[in-house]
Each structure stands twice: as structure tokens, then as C-alpha cells.
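A quick write-up on the structure given underneath.
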2 protein chains.
Amino acid sequence: MRGRLQAAAWALYAERGYDRTTTAEIAARAGVTERTFFRYFPDKREVAFDGSAEFMASFTDAIAAAPAGLGPMEVLLRAFRSMEPMLADNRAVNEPRQAVIGATPALRERQSAKAAAMTAALTQALRDRGVEAKLAALSAQTGMALWDHAVRAWYEDPSVGLGVHLDRAVQALRQLSAGDA
Amino acid sequence: MRGRLQAAAWALYAERGYDRTTTAEIAARAGVTERTFFRYFPDKREVAFDGSAEFMASFTDAIAAAPAGLGPMEVLLRAFRSMEPMLADNRAVNEPRQAVIGATPALRERQSAKAAAMTAALTQALRDRGVEAKLAALSAQTGMALWDHAVRAWYEDPSVGLGVHLDRAVQALRQLSAGDA
DNA sequence: GTCTATACTGAGATAGAC
DNA sequence: GTCTATCTCAGTATAGAC
């Protein structure tokens with residue numbers, strides 16, 4: 001049912017836009033009542049981000065699984081690299097999804113919140129490895145910046161793997177931070 | 001009127017919490033009707049972030065005003081340092097504000113969106129100086145991470161200035177990014 | 001599954017400033 | 001008279017309580 005509601009929501013969001021779609025319509029297209037919609041999703045926005053919890057869990061699991069003795073950034077970069085297969089699979093799904101999200105302020109706001117939650121989760125995963133709190137937060141935020149940069153570059157140029165783009169992002173970061181303070 | 005509505009909203013948010021405060025109550029306390037509230041604020045959340053546009057403008061103005069020939073990170077750090085007086089003034093106002101925001105999911109979500117908007121504004125300000133798009137984005141995101149780190153450290157330890165904490169944040173970043181990729 | 005509170009929108013009327 | 005701010009009224013949709 002979750003999947004049917006999601007499919008119905010995406011179809012309607014794409015057809016008429018998020019704002020012009022009511023939760024009643026989504027439910028009707030899925031063949032259930034409006035109330036059922038809210039049993040599966042806490043609010044109308046959340047439908048657009050289903051699966052983000054699993055994605056986040058993959059990250060934090062990879063961080064927890066990294067060998068001991070690595071620095072925080074090394075741990076994050078390893079985790080990022082481990083996500084490449086999953087990212088490649090989801091690419092075809094994500095691009096139209098992003099188009100709708102980008103065109104809808106309410107969904108962009110939720111996406112910002114999701115990104116913040118992801119950063120918080122990375123921070124916590126690093127702290128669980130013994131990294132001091134503020135350093136963990138700085139690492140997680142910087143890591144997210146690298147991740148963003150690499151993913152964007154990879155979307156532009158898929159001829160090389162995400163790993164290569166991550167290396168380049170790290171290079172760029174080193175140059176940036178080496179500049180005079 | 002804007003100020004009266006804001007004051008009323010903050011008083012009620014602090015008294016009974018954001019969720020248990022209705023827009024009608026805010027308006028009533030300010031001596032106007034509910035409809036008037038929505039003439040000044042697009043939604044109930046936005047009252048809590050009044051002035052953020054001006055804050056953002058200060059940042060981007062400082063970036064635009066920086067001398068030519070500096071690298072993106074140098075430009076950002078200069079802008080950050082220029083914000084210290086304003087930050088010191090607002091500290092007494094911001095701390096209780098943050099308490100309410102932190103306790104309210106809806107306001108935290110809006111705050112994430114504001115942070116994302118700030119990052120986007122920094123990115124654009126760097127691009128206006130001729131910095132390439134993805135490098136500008138990476139710089140802005142990394143800069144925000146430094147800013148966060150420094151501000152948090154400064155709240156914990158105000159015995160030294162924000163500038164000192166910024167220097168330390170840059171040091172930490174260098175160590176992080178110097179680690180093996 | 002039903003009912004209700006409340007956030008938000010739109011159109012038009014009123015009143016005061018200039 | 002024009003402009004702008006506020007109010008009045010009527011309504012829809014989300015979300016939560018029961």
C-alpha cells in the first residue's frame with residue numbers, strides 16, 4: 001500500500017504539481033480513503049522522500065563498519081565510495097524526482113531538513129567512533145560538501161566513476177583550505 | 001505592526017510553545033485580526049526568522065566588497081570576521097530564540113531551509129566574483145561548516161573572539177583534509 | 001472511520017492618510 | 001480622488017483527536 005500511495009502521489013505531482021494535488025486525490029487514486037494516506041505518511045511532503053531513512057542507514061552502517069584507526073575524513077570517504085553502486089541504480093529514478101522537488105518550495109524545505117538530518121546522523125556515527133563532538137560536526141559538514149560536489153560532478157560527467165570525482169573534490173578542498181586563513 | 005506581531009508571537013511561543021499557539025491568538029495579542037497577520041508574514045513559521053534576510057545581505061555585501069585577487073575561502077573568512085560585531089550584539093536575543101526553535105520540529109525544518117538559502121547566497125556571491133560554479137558551491141558549504149564550528153565554539157568559550165575560533169576551525173579543517181584521501 | 005481544529009487563501013468592503 | 005492598511009466573510013486542505 002505504501003508503494004501504491006507513493007506511485008499515485010508521484011504521478012499526480014508530476015501531472016498537476018504538488019500544490020494542486022490534494023491528499024484526498026492521492027488516496028483516491030490509490031483506492032483508499034484519505035485517512036489511510038496519513039496512516040502511512042505523517043504528512044503530504046514526506047511521500048516525496050520515502051527511502052531516505054534507508055539511505056541514511058547505509059551511510060551510518062558503512063561508517064560503523066570502517067576499520068579502527070582511520071581519521072574522520074578517511075572514514076567518511078570510505079563510506080561515500082561504498083555508496084556508489086546504490087547511487088548508480090537510483091539515478092534514473094532520482095532525476096525526475098529532483099525536478100519536482102526543485103520546483104516546489106515546500107519540498108525543497110523538506111529536502112533541506114533531510115540533508116540536515118543526514119549531517120546529524122554522520123556526526124553521530126563519527127562520535128560513536130570516538131571523534132570529539134565539534135570535530136565530528138565539522139567533519140560531517142565538510143564531508144557532505146564533498147559528497148555534494150562529487151555527486152554533482154558525476155551527474156555532469158558519468159564517464160568516470162564517483163570515486164574519481166570524490167578524489168577531485170578532496171583535491172579542491174585541500175587547495176581551498178591551504179589558502180591563507 | 002510587523003514588530004508588534006513578532007513580539008506577540010515570541011511571547012506566546014515562549015509561554016505555551018509554538019504548536020499550542022494559533023495565528024488568531026498572535027493576531028489578537030497584537031490587536032489585529034488573523035488576516036492581518038498573513039499580510040505581514042507568509043506563514044506562521046516565518047515570524048521566528050525575521051531579520052534573516054538582512055543578515056544574509058550583510059554576508060553577501062561583505063563578499064562583494066572584498067578586494068580582488070583573493071581566493072574563495074579567504075573572501076569568505078574575511079566576510080565571517082566582519083560579522084563578529086553583529087553576532088555579539090545579537091547573542092542575548094538569539095539564545096532564547098534558539099531554545100524555542102530547537103524544541104519545535106517545524107521551526108527546525110525552516111531553519112534548515114534558511115541555512116540552505118544562506119549557502120546558496122554565499123555560492124552566488126562567489127560566482128559573482130568569477131568563481132566557477134561547483135567550486136563556489138564547495139567553498140560556500142565548507143565555509144558554512146567553518147562558520148558553524150567557530151560560532152559554536154565561541155558560544156562555549158567567549159573568552160576569545162570569534163576570529164580566534166575561526167582560525168582554529170581552519171586549522172582543524174586543514175588537518176582533516178590533509179588526511180589520506 | 002468520523003469529526004474537528006487550525007493554517008492559509010481569495011474577494012470585496014471600509015476607513016484613514018495624503 | 002487615490003493609495004494603502006485593515007477587516008469581513010467564505011472557503012479549502014492538512015493533520016490530529018477521538
Side-chain angles (χ1 to χ4, degrees), chain A residues 1-53 97 100-101 103-114 116-117, chain B residues 1-53 97 100-114 117:
Chain A
M1 175 53 62
R2 212 183 162 75
R4 286 215 341 244
L5 282 165
Q6 237 182 294
W10 275 117
L12 288 163
Y13 291 173
E15 267 176 41
R16 3 199 329 189
Y18 174 89
D19 295 323
R20 301 214 158 273
T21 303
T22 70
T23 54
E25 288 168 335
I26 297 170
R29 180 169 296 206
V32 295
T33 69
E34 193 179 8
R35 184 68 183 78
T36 302
F37 175 88
F38 286 104
R39 271 174 39 79
Y40 287 94
F41 299 97
D43 63 52
K44 189 182 162 190
R45 300 176 180 192
E46 201 62 21
V47 197
F49 299 94
D50 206 53
S52 79
R97 216 182 80 123
V100 175
I101 293 174
T104 312
L107 294 180
R108 287 208 314 228
E109 183 169 30
R110 178 57 53 88
Q111 192 170 45
S112 301
K114 293 286 180 188
Chain B
M1 176 53 65
R2 211 183 162 76
R4 281 201 2 231
L5 283 165
Q6 237 183 290
W10 274 117
L12 288 163
Y13 291 172
E15 267 176 41
R16 359 192 344 182
Y18 174 89
D19 295 323
R20 302 218 156 272
T21 304
T22 70
T23 55
E25 288 168 336
I26 297 169
R29 181 169 293 205
V32 294
T33 68
E34 192 182 9
R35 194 70 185 80
T36 301
F37 174 88
F38 287 104
R39 286 182 53 76
Y40 287 94
F41 300 97
D43 61 53
K44 190 182 161 190
R45 301 175 181 193
E46 201 63 20
V47 196
F49 299 94
D50 207 55
S52 79
R97 217 182 79 123
V100 175
I101 293 174
T104 312
L107 294 180
R108 286 208 313 230
E109 184 169 28
R110 177 59 52 89
Q111 193 170 44
S112 300
K114 292 287 180 189

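A note on names: the letters A, B, ... follow the listed sequences, proteins ahead of strands, and every chain is numbered from 1.
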Are any non-hydrogen side-chain atoms of A/Thr23 and A/Phe38 less than 4.5 angstrom apart?
yes
Contact check, side chains of A/Arg45 and B/Glu109, non-hydrogen atoms, under 4.5 Å:
yes
Those residues of residues 15-30 of chain B lying under 4.0 Å from DNA chain D by at least one heavy atom:
none
Beyond-backbone contact of A/Glu46 with A/Asp50, side-chain heavy atoms, under 4.5 angstrom:
no
Atom-pair distance (CZ on A/Phe37; P on D/dG16), nearest Å
12 Å
Round to a whole Å and report the spacing from CZ of A/Phe38 to P of C/dT4.
18 Å
From CD of B/Glu34 over to P of D/dC7, roughly how many Å is that when rounded to an integer?
12 Å
B/Arg20 to B/Tyr13 six-membered ring, cation-pi geometry met (6.0 Å, 45°)
no
Side-chain touch A/Tyr18/A/Ile101, heavy atoms, less than 4.5 angstrom:
no
From NZ of A/Lys44 across to P of C/dT6 the rounded distance in Å is 21 Å
What's the CD-C1' distance between A/Glu109 and D/dT14, to the nearest Å?
15 Å
Taking CZ from B/Arg45 and C1' from C/dC8, how many angstroms apart are they, rounded to a whole number?
13 Å
Which nucleotide in the list D/dC18, D/dT8, C/dC8 gets nearest to the side chain of B/Arg35?
D/dT8
Look for any protein N or O under 3.5 Å of an N or O in nucleotides 3-6 of chain D and output each such pair with its distance, or none.
{"unit_1": "D/dT6", "atom_1": "OP1", "unit_2": "B/Tyr40", "atom_2": "OH", "d": "3.2"}
{"unit_1": "D/dT6", "atom_1": "OP2", "unit_2": "B/Tyr40", "atom_2": "OH", "d": "2.4"}

Residue A/Arg39 excluded, over 12 heavy atoms near CZ under 6.0 Å:
no
Side-chain contact, heavy-atom cut-off 4.5 Å: A/Arg110 with A/Asp43?
yes
May I ask you to test the A/Leu5-A/Val47 pair for a side-chain heavy-atom distance under 4.5 Å?
no
